[in-house]
There are 2 protein chains.
Amino acid sequence: MTTIKEVAEKAGASVTAVSLSLNHRENGHVNKELAEHIRKTAKKLGYHPNPMARSLRTSRTRTIGFISEEIATTPYAGELILGAQDAASELGYMMLMVVTDGKADEAKEIASLKRYGADGFLYAKMHNRISNIPRSLSNEQTVLINARDAKDHVPNITPDEVAIGYDATTKLIDSGAKRIAYIGCSDDLIAEPLRRKGYEQALTDAGMSVNPNLEIRVPNDGPCLERISELFDTQQPDAFFCFNDARTWYIYQCAAQRGLQIGRDISLIGVDNNRIVSETFEPRPTTIELPHYEMGYWGARKLISLIEGRELKTIDTTGMVAEIPELDAPNPVFIRCALIERGSVASKASHRE
Amino acid sequence: MTTIKEVAEKAGASVTAVSLSLNHRENGHVNKELAEHIRKTAKKLGYHPNPMARSLRTSRTRTIGFISEEIATTPYAGELILGAQDAASELGYMMLMVVTDGKADEAKEIASLKRYGADGFLYAKMHNRISNIPRSLSNEQTVLINARDAKDHVPNITPDEVAIGYDATTKLIDSGAKRIAYIGCSDDLIAEPLRRKGYEQALTDAGMSVNPNLEIRVPNDGPCLERISELFDTQQPDAFFCFNDARTWYIYQCAAQRGLQIGRDISLIGVDNNRIVSETFEPRPTTIELPHYEMGYWGARKLISLIEGRELKTIDTTGMVAEIPELDAPNPVFIRCALIERGSVASKASHRE
DNA sequence: TTGTAGGCGTTATCAG
DNA sequence: CTGATAACGCCTACAA
């Protein structure tokens, strides 16, 4: 490992000059040509600063802690992590990972994270919810992902739930559907009333009436094929907006049992939490995708901009500090979700026949 | 932050004595009572060593790097990460996460990991496969997870694929099934021939013949309902061993279309990659669960035992070093998978009727 | 058995 | 504008 001292010797400059130049803080202290010369020789020598030494001195580590507690029981974690990792990597940060699934020692894990010097924390939930951050994080830079604290005191990023319901329903309306069922969730989730609100809004905006008989709410983990079947037979909807992929599966099963084909006889759009639905169901379902990647990405960006205090416009990809164009993180409290068309929505024509 | 110096002062001892005692290396250098006294005052003061300073000195960070490239496209990552994290946490290590999904700069990310001083690396794949580790890792402590290198030079942990096929098929045989179909995968995967081998072995051991007409291999990402339907109708199997959950879904759909009920009219066991299957399909499917958690856990344990050179029996949960009973990682090249019974396998009686 | 001092690689302070 | 030099907190010869 080449050190700053070696660079100084080779470049014929002092350690101070080297440190200053390499951090682009030469303004007025080191003359321009020398600074440039130093940077060149540093590069030539393949110099990279030693993060440990730097941290010891600055008590900043260019490290963020990713804290999550449901990583193993949901399939969404991967994208969240990838998004955060991408942003961190772009900005020259490393991610320390802490998972506390089903363990009581979250506080201990956070303490470790602090000792290792994490500059800030991403506190991620796998289901959009109200969640206050643990007390041990209250004095640290923290961004909540896929959750909001009770008073919105902590910066947070969540999906635009209302838009989900609105976009899906609108799409079904546009395809010519007349009787659009809402297959919701009876569990106490933030998302449920919001998505339903979007559903209602879309119907209203289209001049259609809201029919309570077309709505049903079933629990996430109980058998509910029977109740959905009943709605299916008594109400004969021609389209379905499903709260999530578990419900999408029920509709596929109902259709299969009745010899109906999705995308021809009935239309369906579901929120997709889970790749199996969009990748294996036939015909492929049209889905609304939760913005897990985006939440991770913008969460990390926001956190880092908070850490760096917004005025520090530096990025450190290889350990060397360089200038970057911008390090602004917008504050997208709500992220709009993508609607992916795949063929489970009937064309206008077939609905009218 | 309280430092080693302060502990020394309060305890009325020298810095050396404190460092030695706190690292349990006093043997003969510090007298026992003093060492004990020092440890007590350290605890009382809430002293935790500063990892940066320690690392700067020792060039060891008690940090391992977790490298993965498919984290966002598969749902298995969570358990893998959780397992690794659990082991790391138990042994006082932190996990630095690097995800390289679809990016070409794996080498760069690994370089970062190295600069940050990771003591070793977990190189994880999401599908069991042959995978040589990148050259930049060849001189580092590395453990392959869910993959093996071409010559088994790198320590690795993979599922016992043959046992998967054997256990599932045996279970079906025991329940009275006579015509057990094998719904395999036509993609080039390590697991395919091995699981099939287990299927064949189980049949042979039970004195049953292997019927090629009952076997089918379909691609992972093409529509294949039609071909499976054909097998369903022409061969009339009474049981199915499915290579993965996508195939399980096809069998459920075939059954629904024909008014057959799984667990009564036909039996089914599938490998479950994906929670939606076991949580929402009705009746609940009996599954073989891939040992993602275990691979992560034992992978990390093995790595750390490699790092610590096996003789160093220390653990450092809060940054303080203490004695631990053992730090052995077995070498379970193959991990046997759990079979979870959930009711998609018919009872003997019904098969016999 | 204990204490002192030097050094790990940086950054920051303060004279020149 | 430049360059010594002192920290940062820890570990470890080596001297006492």
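Labels below follow one simple rule: chain letters A, B, ... track the order of the sequence lines, proteins then strands, and each chain is numbered from 1. Just so it is clear, the model here is predicted, and its values are computed rather than measured.
- Between A:Arg57 and B:Met52 there is no side-chain heavy-atom pair separated by less than 4.5 Å.
- Residue B:Glu36 forms a side chain to side chain donor-acceptor pair (under 3.5 Å) with just one option from B:Lys32, B:Lys40, B:Arg39, and that option is B:Arg39.
- No hydrogens or angles considered: a donor-acceptor pair under 3.5 Å links the side chains of A:Tyr93 and A:Glu308.
- Following rounding to the nearest Å, A:Met52 (CE) and C:dG9 (P) show an atom-to-atom distance of 10 Å.
- A search for side chain to side chain donor-acceptor pair (under 3.5 Å) contacts involving A:Glu6 returns nothing, not counting sequence neighbours.
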Next item on the list: Give the B/S/- string for nucleotides 11-16 of chain C, one per nucleotide from 5' to 3', where a protein heavy atom under 4.0 Å of the base yields B, of only the sugar-phosphate yields S, and otherwise -.
Entry: BBB---
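- In terms of the side chain to side chain donor-acceptor pair (under 3.5 Å) criterion, residue partners of B:Thr61 (sequence neighbours excluded) are, by chain and number, B:Asp119.
- Rounded to whole Å, the distance from CZ on B:Arg115 to C1' on C:dG9 is 14 Å.
- Protein chain B touches strand DNA chain D; the 5'-most and 3'-most nucleotides with an atom under 4.0 angstrom of its non-hydrogen atoms are D:dG9 to D:dA13.
- Under the rule for a salt bridge (Lys or Arg N to Asp or Glu O under 4.0 Å), the partners of A:Glu69 that lie at least two apart in sequence or sit in another chain are A:Lys125.
- Dashed line: the shortest gap from a side-chain N or O of B:Asn31 to OP1 or OP2 of C:dT2 is under 4.0 Å.
- As a whole-Å value, the separation of A:Leu56 CG from C:dG7 C1' is 12 Å.
- Five base pairs at each end of the helix from C:dT1-D:dA16 to C:dG16-D:dC1 define two local axes, and these are offset by 50° (rounded to 10°).
- Summarising the geometry of A:Ala118 relative to A:Ile64, their closest heavy-atom pair is CB-C, 4.4 Å, with the distance given to 0.1 Å.
- Using a 4.5 Å heavy-atom cutoff, the side chains of A:Lys151 and A:Asn132 are not in contact.
- Distances shown here put every side-chain N or O of B:Ser14 at or beyond 4.0 Å from the OP1 or OP2 atom of C:dT2.
- No donor-acceptor distance shorter than 3.5 angstrom exists from the side chain of B:Lys302 to the backbone of B:Asn156, with no hydrogens or angles considered.
- For the pair B:Val7 and B:Thr3, the minimum side-chain heavy-atom distance is 4.5 Å or more.
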Note to self: Assess the residue pair B:Tyr297 and B:Glu79 against the criterion (side chain to side chain donor-acceptor pair (under 3.5 Å)); give the C-alpha distance rounded to whole Å, side-chain angles, the decisive distance to 0.1 Å, and a yes or no.
What the structure shows: CA-CA 9 Å; B:Tyr297 183 84; B:Glu79 296 203 28; over 6 Å; no
